[in-house]
Amino acid sequence: MSKGITSQSQDYSKWYTEVVQKAELADYSPVKGCMVIRPYGYALWENIKLNLDNMFKDTGHENAYFPMLIPEEFLKKEAEHVEGFAPEVAVVTHAGGKKLENFYVLRPTSETIIWYMYKKWINSHRDLPILINQWANVIRWEMRTRLFLRTTEFLWQEGHTAHATAEEALIEAKTMINIYKILAEDYLAMPVYIGKKTENEKFPGAVDTYSIEALMGDKKALQSGTSHYLGQNFAKAFDVKFQNENNKQEFVYATSWGVSTRLIGAIIMTHGDDKGLILPPKIAPQQVVIIPIYRNDDDKNKVLNLSKKIETTLKEKKIRFKLDNRESVTPGYKFNEWEMKGVPVRVEIGPKDVDRNGVVTVRRDTGKKAFPSVEEFLEDITNLLDTIQFDMLDKQRKFRKENTFDIESYDELKEVVKKGGYARAFWAGNSEMEDKIKDETKATIRCELFEKTKESGKCFYTGKESKVQVIISKAY
RNA sequence: CGGGGCGUGGCGCAGUCCGGCUAGCGCACCUGCUUUGGGAGCAGGGAGUCGAAAGUUCAAAUCUUUUCGCCCCGACCA
């Protein structure tokens with residue numbers, strides 16, 4: 001065990017940092033707060049990206065690219081926006097060997113430059129809607145950083161849409177948060193609560209912010225994706241009007257939405273255990289790892305022959321697999337390494353297996369061993385991966401259920417905060433009360449639930465009858 | 001920005017309090033042989049301006065001053 005990692009119960013955040021590095025997802029860069037995403041981590045991001053991008057395209061969105069440098073004054077055009085982002089913006093003051101007349105900021109988000117461009121592109125209602133997404137990097141100068149969860153530079157996608165009506169924009173914002181929910185649950189096996197942010201927690205410049213909230217292994221919440229209904233705020237700031245069907249000038253309605261490489265942090269903390277990562281099959285860079293075991297050349301030939309047969313079929317079935325035929329390390333070493341990296345299924349092929357025309361399979365999520373024949377294995381592998389995907393989500397659903405507590409008083413909230421998890425309650429308080437609760441308990445209202453357990457109830461804080469049900473917890 | 005920790009072969013550390021002779025240890029790496037079903041063993045080998053600068057001293061990884069950087073915990077945030 002001396003070669004293992006710090007256990008979750010011992011020090012959760014140390015565990016997290018070690019998993020990220022030992023699974024070779026990312027490493028620290030020489031620049032404070034920045035990280036290098038290593039090939040294995042990037043492969044994970046690519047799989048997330050691919051699936052999400054398909055969903056974007058299926059809902060009529062197109063990709064584009066806007067520049068990273070934004071004129072500094074752009075950020076100042078929307079009052080809340082500048083107030084929200086000013087402290088964390090990096091500014092380019094010098095270039096070409098001299099001080100610049102006008103400074104540029106490195107984008108912390110792209111609303112401003114995009115709306116500057118939208119003004120040029122939008123004249124009539126016939127130009128709407130515009131449904132653009134971009135995959136990009138952004139820079140936010142955070143005080144404290146943490147691999148994947150909060151880094152100075154991070155990768156994300158940001159969708160920016162323009163609409164002729166508020167209704168249409170609202171539908172868009174809700175459609176997109178639902179796509180994030182699908183991504184989280186169907187691909188990342190990570191159940192999320194979906195809802196609306198309170199005034200205190202919403203995006204600077206938004207009318208409404210919707211979010212998906214996931215529960216990490218240490219029972220803290222992680223905001224894992226957001227979608228904003230921006231109303232006409234940015235259109236007004238950038239004077240983007242269109243001529244409607246009645247020949248009247250009207251400001252455009254907008255949305256923006258994004259998820260980032262933070263999702264990788266979410267996956268690690270949702271599924272990981274003391275042996276390392278556990279990756280959902282749908283997005284795992286390798287779904288199967290084959291480990292050949294042999295003592296001599298005879299065994300080696302037998303084993304590799306069988307392995308080749310198996311590889312051919314796996315290829316046909318479009319399963320992402322890797323044959324780990326390194327001879328410099330022992331099988332035991334490989335077991336540990338691939339467990340650290342979270343590969344869903346390990347296949348062992350040794351002389352004993354060849355003799356009975358079988359393989360040994362081990363599930364990463366449950367550790368369960370099985371000894372199918374080669375034919376059974378090849379026939380079942382797709383099902384097995386689906387089962388793992390399903391079981392992982394199911395396990396997390398149970399975990400969330402066990403850690404969601406309906407409460408009716410402030411004292412009960414404090415108890416929930418102490419043990420971790422979500423408190424679910426009705427809420428009729430205001431912004432100041434929310435601040436006070438945050439001060440006193442460190443917990444925040446994560447969101448006002450879209451899917452309530454009942455129509456209305458008494459506010460846990462004010463005692464007033466309310467139709468707003470919220471979840472509250474400590475968050476990353 | 002407040003609190004804490006740390007800079008010594010590629011990585012992790014010891015040595016620093018109380019200055020001293022060739023700067024050690026583990027892992028990793030290279031070569032060879034034996035191994036291989038849960039992190040292999042033995043033998044041999046390569047690799048270090050001790051974060052940087054200045055000072056004290058016969059002598060500095062160690063003492064003094066300055067400085068740079070990173071990590072962790074808090075307030076802020078995806």
Side-chain angles (χ1 to χ4, degrees), chain A residues 1-6 11-18 21-22 27-35 83-89 108-109 137-158 180 197 200-204 209 211-214 221-228 256-266 275-276 291-297 299-300 303 324-340 346-355 359-360 362 367 369 371 435 438-439 442 444 474-476:
Chain A
M1 284 307 286
S2 62
K3 292 191 175 177
I5 50 170
T6 305
D11 185 340
Y12 196 83
S13 79
K14 201 169 174 192
W15 167 85
Y16 175 81
T17 308
E18 286 179 10
Q21 289 176 91
K22 293 202 172 166
D27 203 353
Y28 292 107
S29 87
V31 181
K32 184 186 162 78
C34 290
M35 66 173 174
E83 198 188 323
F85 282 105
E88 56 188 60
V89 162
T109 178
N137 58 340
V138 287
I139 301 275
R140 296 184 187 177
W141 217 262
E142 302 286 355
M143 291 302 178
R144 221 189 109 215
T145 57
R146 234 145 113 40
L147 293 166
F148 286 114
L149 295 179
R150 188 177 306 106
T151 45
T152 301
E153 178 184 8
F154 58 93
L155 303 183
W156 76 347
Q157 58 69 217
E158 44 180 329
Y180 291 154
K197 287 288 183 187
N200 283 20
E201 300 279 330
K202 71 170 201 194
F203 177 76
T209 289
S211 77
I212 53 170
E213 301 285 333
L222 181 74
Q223 180 176 309
S224 305
T226 48
S227 177
H228 315 290
S256 69
W257 25 274
V259 295
S260 70
T261 36
R262 169 178 263 198
L263 284 176
I264 294 174
K275 287 179 169 181
I291 299 183
I293 299 162
Y294 46 80
R295 289 162 210 277
N296 51 46
D297 281 352
D299 285 353
K300 181 175 168 181
V303 164
D324 187 354
N325 57 359
R326 287 175 297 173
E327 297 197 341
S328 52
V329 291
T330 60
Y333 184 93
K334 293 174 187 176
F335 296 168
N336 285 290
E337 182 171 313
W338 292 111
E339 276 165 0
M340 179 62 66
R346 176 174 85 231
V347 175
E348 301 169 19
I349 308 175
K352 282 186 256 172
D353 307 302
V354 176
D355 291 344
V359 296
V360 178
V362 183
K369 266 196 188 191
F371 304 84
D435 282 338
K438 189 177 175 181
D439 267 0
K442 289 187 177 159
T444 49
K474 282 206 238 180
Y476 274 95

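Model, not experiment: these values are computed from the prediction.
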Could you tell me whether the phosphate oxygens of [N], OP1 or OP2, come under 4.0 Å of any side-chain nitrogen or oxygen in [X]?
X	N	answer
A:Tyr28	B:C72	yes
A:Arg144	B:G74	yes
A:Arg295	B:U36	yes
A:Lys438	B:C76	yes

May I have the step-by-step check of side-chain contact (heavy atoms from CB on, under 4.5 Å) for A:Thr109 and A:Arg140, ending in yes or no? CA-CA 9 Å; A:Thr109 178; A:Arg140 296 184 187 177; 3.7 Å; yes

Please work out if [X] contacts a base, only the sugar-phosphate, or nothing of the nucleic acid, heavy-atom cut-off 4.0 Å.
X	result
A:Thr151	base
A:Leu149	base
A:Pro87	nothing
A:Val360	base
A:Gln223	sugar-phosphate
A:Glu327	nothing
A:Arg326	nothing
A:Thr330	base
A:Lys442	sugar-phosphate

Heavy-atom nearest nucleotide on RNA chain B for A:Gly225 versus A:Ser13: which residue maps closer to 5'? A:Ser13

Let me know, please, whether A:Pro351 or A:Phe85 comes out on the 5' side of the other along RNA chain B by nearest nucleotide. A:Pro351

Could you tell me the separation between the [atom1] atom of [X] and the [atom2] atom of [N], rounded to a whole number of Å?
X	N	atom1	atom2	answer
A:Arg146	B:C76	CZ	P	16 Å
A:Asn296	B:U36	CG	P	9 Å
A:Lys14	B:C73	NZ	P	11 Å
A:Asn336	B:G37	CG	C1'	13 Å
A:Tyr476	B:A75	OH	P	13 Å
A:Gln21	B:C27	CD	C1'	16 Å
A:Glu88	B:A75	CD	C1'	14 Å
A:Asp324	B:G37	CG	P	13 Å

Are any side-chain N or O atoms of A:Thr209 and backbone N or O atoms of A:Phe203, one a donor and one an acceptor, separated by less than 3.5 Å? yes

For the pair A:Gln157 and A:Val259, evaluate side-chain contact (heavy atoms from CB on, under 4.5 Å) and give the outcome as yes or no after the intermediate values. CA-CA 6 Å; A:Gln157 58 69 217; A:Val259 295; 3.5 Å; yes

What interatomic distance, in whole Å, is found between [atom1] of [M] and the corresponding atom of [N]?
N	M	atom1	answer
B:C21	B:C30	P	33 Å
B:G26	B:U64	P	31 Å
B:A61	B:G46	P	23 Å
B:C11	B:U34	P	34 Å
B:A47	B:C42	P	23 Å
B:G4	B:U49	P	33 Å
B:A53	B:A14	C1'	26 Å
B:U8	B:C1	P	25 Å

Please pick, from [options], the nucleotide with the shortest atom-to-atom distance to any side-chain atom of [X].
X	options	answer
A:Met143	B:G38, B:A75, B:C77	B:A75
A:Thr17	B:U36, B:C77, B:C72	B:C72
A:Glu337	B:G38, B:C77, B:G39	B:G39
A:Lys352	B:G37, B:G38, B:C76	B:G37
A:Arg150	B:C73, B:G37, B:C77	B:C77

Could you write out RNA chain B as a dot-bracket string, with dots for unpaired bases, | for bases paired across to another strand, and Watson-Crick or G-U pairs counted at under 3.5 Å? ((((((((.[[[[.)....(...]]]].((((((.....)))))).....[[[[[..)....]]]]])))))))....

Indicate the atoms forming the closest heavy-atom contact of A:Leu222 with A:Ala266, along with that distance. CD2-CB, 3.5 Å

Please evaluate residues A:Thr17 and A:Leu147 with respect to the criterion side-chain contact (heavy atoms from CB on, under 4.5 Å), reporting the C-alpha separation (whole Å), side-chain torsions for both, the decisive distance (0.1 Å), and the verdict. CA-CA 7 Å; A:Thr17 308; A:Leu147 293 166; 4.1 Å; yes

Is A:Arg150 positioned over the aromatic face of A:Tyr476, cation under 6.0 angstrom from the ring centre and no more than 45 degrees off axis? no

Is a side-chain donor-acceptor pair under 3.5 Å present for A:Gln223 with A:Ser211? no

Would you please classify the geometry between the A:Phe154 ring and the A:Trp156 ring as parallel, tilted or perpendicular, with 30° and 60° separating the classes? perpendicular

A:Arg326 atom CZ, over 12 foreign heavy atoms within 6.0 Å: yes

Tell me, yes or no, whether the heavy-atom count around A:Lys202 atom NZ, taken from other residues, nucleotides or ligands under 6.0 Å, exceeds 12. yes

